[in-house]
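Here the structure is laid out as structure tokens; the discussion comes afterwards.
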Amino acid sequence: MKNYLEHTNISVVEPHNTIQLILSAMPNWSVRGQGEYLNAQNEKIEWFHVGDETFYIAIDSLGKGDAPYWTSRFTGLNHLGFVVENLDKTIERLTQAGFDMDHWGSEHPHRKSAYYMDKHGIQIEFVEYISDVAAERNDYSL
């Protein structure tokens, strides 16, 4: 079996905003599981698994405040990156859902990307690869 990343877990204040951003961009994903539990401080925590049959993002309501802006120096998650089939259509769906682009990715002949921020300051990148050739897609010298 090939190794792969199965999931990542992020904590936010309002999970539904982050879930809406992700599902607006990737309509083939869904909330594949969800629930509630009481933590050690007797706080009700919501949790969601958002993804497909192979990969998901665990999103819970344990967050407090906002994530640091991506240009700040900090230790922790900088952004989540997702490959999409058509970046222009993804941007259109995100715009219709009320999300504004934060910035474009660097220009590259074999890929293009756009970055969005959820309500909590978590940065999410959407990238479309223009080439099927791995060496072109992964060329960082350009």
_Run His103 and Gln123 through side chain to side chain contact (heavy atoms under 4.5 Å, CB included) and show every step you take._
CA-CA 10 Å; His103 66 280; Gln123 185 183 67; 3.2 Å; yes
Separation between CH2 (Trp29) and CZ (Phe55), nearest 0.5 Å, reads 5.0 Å
- Return the orientation label for the Tyr115 and Trp70 ring planes: parallel under 30°, perpendicular over 60°, tilted otherwise. parallel
N/O donor-acceptor pair under 3.5 Å between His120 side chain and Ala67 backbone: no
*Verify, without hydrogens or angle tests, whether Arg32 (side chain) and His49 (backbone) share a donor-acceptor contact under 3.5 angstrom.*
no
*Indicate yes or no: at least one non-hydrogen side-chain atom of Asp52 is less than 4.5 angstrom from one of Met26.*
no
Problem - same_hphob_cluster(Trp47, Val13) at 4.5 Å side-chain heavy-atom cutoff - result: no
To the nearest 0.5 Å, atom CD1 of Ile10 lies from atom CG of Leu62 at 12.0 Å
query: Side-chain contact, heavy-atom cut-off 4.5 Å: Val12 with Asn17?
result: no
When rounded to the nearest 0.5 Å, the distance separating CG of Leu87 from CD of Glu125 is 9.5 Å
(Q) If hydrophobic clusters are built by linking Ile, Leu, Val, Met, Phe, Trp and Tyr wherever their side-chain heavy atoms come under 4.5 Å apart, do Leu23 and Ile122 end up in the same one? (A) yes
Rounded to the nearest 0.5 angstrom, the CD-CG distance for Glu128 and Asn86 is 5.0 Å
task = Check the hydrophobic clustering (I, L, V, M, F, W, Y; side-chain heavy atoms under 4.5 Å; chains of links allowed) and say if Leu80 and Ile59 are grouped together.
result = yes
> Donor-acceptor pair, Ser131 side chain versus His110 backbone, under 3.5 Å?
Replying inline: no
Angle between ring planes, His16 versus Phe48, binned at 30° and 60°: parallel, tilted or perpendicular? perpendicular
Rounding to 0.5 Å, atoms CG (Leu77) and CG (Asn9) come to a distance of 10.5 Å
*Apply side chain to side chain contact (heavy atoms under 4.5 Å, CB included) to the pair Leu94 and Leu21, showing each step before the final yes or no.*
CA-CA 7 Å; Leu94 287 165; Leu21 190 153; 4.1 Å; yes
Exercise for review: Taking atom CD of Glu43 as the centre, report whether more than 12 heavy atoms of other residues, nucleotides or ligands fall under 6.0 Å from it.
Suggested key: yes
One should read off an interatomic distance between Phe99 CZ and Thr90 OG1, to the nearest 0.5 angstrom, of 13.5 Å
- Show the numbers, then the answer: is there a side chain to side chain contact (heavy atoms under 4.5 Å, CB included) between Ile22 and Asp118? CA-CA 9 Å; Ile22 291 168; Asp118 82 341; over 6 Å; no
Residues at least two apart in sequence or cross-chain that pass side-chain hydrogen bond (donor to acceptor under 3.5 Å, both in side chains) with Asp60, listed by chain then number, are Ser11
(request) Would you indicate whether the side-chain heavy atoms of Asp88 and Lys112 approach each other to under 4.5 Å? (result) yes
